[in-house]
Q: 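Right, I'll just put the structure down here and ask away after.
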Amino acid sequence: MIKGIINYSHYLLETAVTAGDTVIDATCGNGHDTTFLAKLVGETGHVYGFDIQDQAIENTKIRLAQSSLTNASIIKDSHSNFIHHIPVDQLTKLGGAIFNLGYLPGSDKSIITRSESTILAIEGILSHLKRNGIVVLVVYYGHEGGTQEKEQLMRYTRQLDQKLFSVLYYGFINQKNNPPFILAIQKRN
Ligand SMILES: C[S@@+](CC[C@H](N)C(=O)[O-])C[C@H]1O[C@@H](n2cnc3c(N)ncnc32)[C@H](O)[C@@H]1O
């Protein structure tokens with residue numbers, strides 16, 4: 001079967017990230033991706049998770065604890081400030097990142113990811129990413145403000161130098177109601 005959006009985003013990370021890597025969950029939310037990443041990098045790796053909402057930080061910490069995962073630092077700050085929270089020796093092992101865009105399900109729909117900080121964070125992460133490392137963006141855009149972020153991200157990722165990065169678009173073109181899609185950026189050799 002063709003993989004759904006969440007499964008495919010995890011599959012992409014599995015192909016690029018190895019045990020012992022440093023990885024970033026740029027939007028922790030309820031912690032599903034953080035937990036997935038913590039298992040993926042194993043005890044020798046580390047996840048840095050970011051969110052700007054207390055509820056997301058709390059939910060993510062609970063989810064990690066439920067799986068007895070201790071290899072993650074959960075930080076209440078914008079992903080655009082990631083550089084201030086990750087030690088240099090950890091940054092050299094940066095194998096991947098995921099951005100699950102939009103709003104926290106079941107919470108305030110006006111607190112959304114915004115293209116300015118999202119793109120700032122992506123640019124910074126790309127400059128530190130290992131060769132073959134990957135940044136996966138899961139783009140939800142059905143909410144107010146979502147289309148603007150989607151368009152800015154399409155514009156930004158389209159102009160990335162193809163000699164340096166492979167940029168993938170993955171989505172279902174016959175689904176109704178603004179289905180989410182994936183943009184993935186892999187650093188080339
Ligand atoms: C779609 S949710 C993430 C869902 C999450 N990946 C999960 O597995 O449950 C988007 C999250 O991005 C957060 N967010 C919005 N702007 C942010 C920013 N500048 N930096 C970090 N997180 C941000 C929101 O608070 C929200 O929790």
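Just so we're clear, the structure is a prediction, and the values are computed from it rather than from any experiment. Ligands are counted one by one from 1 in listed order, and the atoms in each one are counted from 1 as well. This chain uses plain numbering: 1 for the first residue, then up along the sequence.
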Q: Got more than 12 heavy atoms from elsewhere within 6.0 Å of OH, Tyr103?
A: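 Count not over threshold, so no.
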Q: Heavy-atom distance to atom 24 (C) of ligand 1: which of Asp51, Leu104, Ile98 wins?
A: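 Shortest heavy-atom distance from atom 24 (C) of ligand 1: Asp51.
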Q: Under a heavy-atom criterion of less than 4.0 Å, does Asn59 contact ligand 1?
A: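 Asn59 does not count as a contact of ligand 1 under the 4.0 Å cut-off.
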Q: Among all protein heavy atoms, pick out the one at the shortest distance from atom 23 (C) of ligand 1; state its residue, atom name and that distance to 0.1 Å.
A: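 Checking every protein heavy atom, the shortest distance to atom 23 (C) of ligand 1 gives Ile52 CG1, 3.8 Å.
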Q: Counting heavy atoms not belonging to Glu43, are there more than 12 under 6.0 Å from its CD?
A: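 Not buried by this count: 12 neighbours or fewer within 6.0 Å.
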Q: For ligand 1, which atoms sit closer than 4.0 Å to a heavy atom of Ala26?
A: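 It comes down to these atoms of ligand 1: 21 (C), 22 (N).
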Q: List every atom of ligand 1 that sits less than 4.0 Å from any heavy atom of Ile112, numbering the atoms from 1 in the order shown and giving each element.
A: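 Near Ile112, the atoms of ligand 1 are 15 (C), 16 (N).
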Q: Considering only heavy atoms, does Asp25 approach ligand 1 within less than 4.0 Å through its side chain, its backbone, both, or neither?
A: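 Near ligand 1, Asp25 shows nothing, with every heavy atom at 4.0 Å or more.
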Q: Going hydrophobic residue to hydrophobic residue with side-chain gaps under 4.5 angstrom, can you get from Phe82 over to Ile75?
A: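 Yes, one cluster joins them.
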Q: Report yes if some N/O of Tyr103 lies less than 3.5 Å from some N/O of ligand 1; otherwise report no.
A: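 No, there is no polar N/O contact under 3.5 Å.
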Q: Check ligand 1 against Gly31 and write out every atom of the ligand that is under 4.0 Å from a heavy-atom position of the residue.
A: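 Listed by number with element, the hits are 7 (C), 9 (O).
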Q: Within a distance under 4.0 Å of any heavy atom of Cys28, pick out the atoms of ligand 1 and give their elements.
A: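 Heavy-atom distances to Cys28 below 4.0 Å select 5 (C), 6 (N), 7 (C), 8 (O), 9 (O).
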Q: List the closest protein heavy-atom neighbour of atom 9 (O) of ligand 1: residue, atom name, distance to the nearest 0.1 Å.
A: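 That would be Asn30 N, 2.8 Å.
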Q: What is the nearest protein non-hydrogen atom to atom 3 (C) of ligand 1, stated with its residue, atom name and distance?
A: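 Result for atom 3 (C) of ligand 1: Thr27 O, 3.4 Å.
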Q: Aromatic ring centroids of Phe181 and Tyr169 under 6.0 Å?
A: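 Yes, ring centres under 6.0 Å apart.
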Q: For ligand 1, which atoms sit closer than 4.0 Å to a heavy atom of Ser117?
A: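 Once the distances to Ser117 are compared, the set is 19 (N).
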Q: Would you mind telling me which of Leu13, Val138, Val136, Ile182 makes a side chain to side chain contact (heavy atoms under 4.5 Å, CB included) with Tyr8?
A: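 For Tyr8, the side chain to side chain contact (heavy atoms under 4.5 Å, CB included) test succeeds with only one of Leu13, Val138, Val136, Ile182, which is Ile182.
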Q: Do Lys76 side-chain atoms and Asp54 backbone N/O form a donor-acceptor pair below 3.5 Å?
A: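 No, Lys76 side chain to Asp54 backbone: no donor-acceptor pair under 3.5 Å.
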Q: Distance-only, no hydrogens or angles: does the Thr60 side chain make a donor-acceptor pair with backbone N or O of Gly29 under 3.5 Å?
A: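 Answer holds: yes.
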Q: Decide side-chain hydrogen bond (donor to acceptor under 3.5 Å, both in side chains) for Asp25 and His79; before the verdict, give the C-alpha distance in whole Å, the side-chain angles of both, and the deciding distance to 0.1 Å.
A: CA-CA 9 Å; Asp25 183 354; His79 38 231; over 6 Å; no
Q: Does Lys163 offer a backbone N or O that forms a donor-acceptor pair with the side chain of Asp161 under 3.5 Å?
A: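 Yes, Asp161 side chain to Lys163 backbone: donor-acceptor pair under 3.5 Å.
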Q: Give the atoms of ligand 1, by number and element, whose distance to some non-hydrogen atom of Thr113 is under 4.0 Å.
A: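 So the answer, numbered in order with elements, is 12 (O), 14 (N), 15 (C), 16 (N).
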Q: Spell out, as yes or no, whether a donor-acceptor pair under 3.5 Å connects the side chain of Ser80 to the backbone of Ala121.
A: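 Here the side-chain-to-backbone pair does not exist.
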Q: What's the spacing between Asn132 CG and Ser166 OG if we round to 0.5 Å?
A: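 Rounded to the nearest 0.5 Å, the CG-OG separation comes out at 9.0 Å.
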Q: Which heavy atom of the protein is the closest neighbour of atom 20 (N) of ligand 1, given with residue, atom name and distance?
A: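 Ranked first by proximity to atom 20 (N) of ligand 1 is His79 N, 3.0 Å.
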Q: What's the shortest distance from atom 19 (N) of ligand 1 to any protein heavy atom, and which residue and atom give it?
A: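 Here the closest protein heavy atom is Ser78 OG, 3.0 Å.
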Q: Would you mind running through ligand 1 and noting each atom that sits below 4.0 Å from a heavy atom of Asn100?
A: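 Going through ligand 1 atom by atom, the ones under 4.0 Å from Asn100 are 1 (C), 2 (S), 3 (C), 6 (N), 10 (C).
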Q: Out of all atoms in ligand 1, which are within 4.0 Å of some heavy atom of Gly102? Include the element for each.
A: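 Counting from 1, the qualifying ligand atoms are 10 (C).
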